[in-house]
Protein chains: 2
Amino acid sequence: MTKCASFDLQDFMPYLLNQAAEATSRAFSSTYRTKYGMLQTEWRVLFHLGRYGDLTAKEICDRASLHKAKVSRAVHALIDKHYLTRATRSDDRRHEVLSLTQQGRDVFDDLHQKAQSYEAALLQDFDHAEIAKMRTILIRIAELDQGRD
Amino acid sequence: MTKCASFDLQDFMPYLLNQAAEATSRAFSSTYRTKYGMLQTEWRVLFHLGRYGDLTAKEICDRASLHKAKVSRAVHALIDKHYLTRATRSDDRRHEVLSLTQQGRDVFDDLHQKAQSYEAALLQDFDHAEIAKMRTILIRIAELDQGRD
DNA sequence: GAATAATGGTTGCGAGTGCAACTAACAAGA
DNA sequence: TCTTGTTAGTTGCACTCGCAACCATTATTC
């Protein structure tokens, strides 16, 4: 009854999403942080290159909805760690194509596998159909923001 | 088929949650940011006081899963904005009880109402039962992290 | 009741972020 | 070809955050 006039913070979807997102990404971040000294953006860049092959920084920005400054810094950090190299594209020298090194691929394989394990453990108690439904809703919500920049 | 051995970033729940959380909280943050110059933590502190009455900083930390340093700074910012006052509790002078000023309450009422509108608009396309189910899952996921600090 | 621990809250510092300004390279129009 | 505009990527700066060290107050232990 009073719910109609006033709602709890627990009912506010942005808050709930933030809490859940922080909980899970904090938990998983220790995986790449302690073992490889990586930040979240570095992990995401590494993931994109490992999963989808060579990409330019711009392509990673678009795919991952990351700001170019953030990606630029992550790329530099990953180069310093010898996880990736870059080459200027000869036909358009504005583009820098990024490629994983063997070491970078090894790290990706390790983290990719650990990500799958984490995912499985996180969702083991939930119904598969519910999770599938939730994924589609989350994707829809995330896409609301795509039209910026 | 290949999905069994390798998954996309879109399938990784922490990533998905982050994308959705960032999209929604970025969208709503403009509401309190542009009109009242508030940060997310300030909005959360204001919300707790407006919704649940007078609280100490510690109580807000526990309820909102926020670090005490973050809350401390938010409280100072809100005091500077004349949105709240505080009084040392006479029986235990370590505790500072926070109370909204009339101005703070007005701001809360405005933002609270706007939050409800945003929530309704955000979820209008989705099935009520699905959303309810998702809320419970999100709360469960968020609680996984509670056992820290 | 003196020493020690625990609690609520503050602050300094290093690190990460967002934004806007910038460079370098290419494109288009006159 | 000169000007103007656009795009990919970098960097400086101000701001926010997380952590740990810290202060003040209260509890506990002997």
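In what follows, chains carry the letters A, B, and so on, assigned in the order in which the sequence lines appear, proteins first and then strands, with residues in each chain numbered from 1.
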Short side-chain N/O contact to [N] OP1/OP2 from [X], under 4.0 Å:
X      : N       : answer
R93(B) : dT25(D) : yes
R94(A) : dT10(D) : no
H67(A) : dC19(C) : no
K58(A) : dG9(D)  : no
S72(A) : dT10(D) : yes
H95(A) : dA25(C) : no

Nearest-Å distance, [atom1] ([X]) to [atom2] ([N])?
X      : N       : atom1 : atom2 : value
L78(A) : dT10(D) : CG    : P     : 12 Å
H76(A) : dG12(D) : NE2   : P     : 11 Å
I79(A) : dG9(D)  : CD1   : C1'   : 12 Å
R63(B) : dG8(C)  : CZ    : C1'   : 17 Å
E96(B) : dT10(C) : CD    : C1'   : 11 Å
L66(A) : dA8(D)  : CG    : C1'   : 16 Å
K70(A) : dC19(C) : NZ    : C1'   : 13 Å
E59(A) : dT7(D)  : CD    : C1'   : 13 Å

Exercise for the section: Identify whether NZ of Lys or CZ of Arg in R63(B) sits under 6.0 Å from the centre of the six-membered ring of Y52(B) and within 45° of that ring's axis. Expected result: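 Judged by the rule (NZ or CZ under 6.0 Å from the ring centre, within 45° of its axis), R63(B) counts as positioned above Y52(B).
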
Handout entry: Cation-aromatic face contact R44(A)/Y15(B), 6.0 Å, 45 degrees
Key =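 The answer is no; the distance or angle limit is not met.
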
Exercise for the section: Could you label the plane-to-plane angle of the Y118(A) and F12(B) rings as parallel, tilted or perpendicular, counting under 30° as parallel and over 60° as perpendicular? Expected result: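 Answer is perpendicular, since the angle exceeds 60°.
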
Handout entry: Toward the 5' end of DNA chain D, by each residue's nearest nucleotide, K68(B) or R89(B)
Key =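 Whichever sits nearer the 5' end wins; that is K68(B).
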
Practice task
Would you kindly compare T56(A) and D91(B) by the position of their nearest DNA chain D nucleotide and give the one closer to the 5′ end?
Solution key: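 The residue mapped nearer the 5' terminus is T56(A).
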
Exercise for the section: Measure the shortest side-chain to side-chain distance between W43(A) and Y36(A) over non-hydrogen atoms and say whether it is less than 4.5 angstrom. Expected result: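 SC-SC contact between W43(A) and Y36(A) ruled out.
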
Practice task
Between A57(B) and R73(B), name the one whose nearest nucleotide on DNA chain C is closer to the 5' end.
Solution key: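 Between the two, 5'-proximity favours A57(B).
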
Problem - Most 5' of L39(A) and D92(A) on DNA chain C, judged by nearest nucleotide - result: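 In this pair, the answer is L39(A).
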
Problem - Pair D109(A), Q113(A): side-chain N/O donor-acceptor within cut-off below 3.5 Å - result: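 The answer is no; no qualifying pair exists.
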
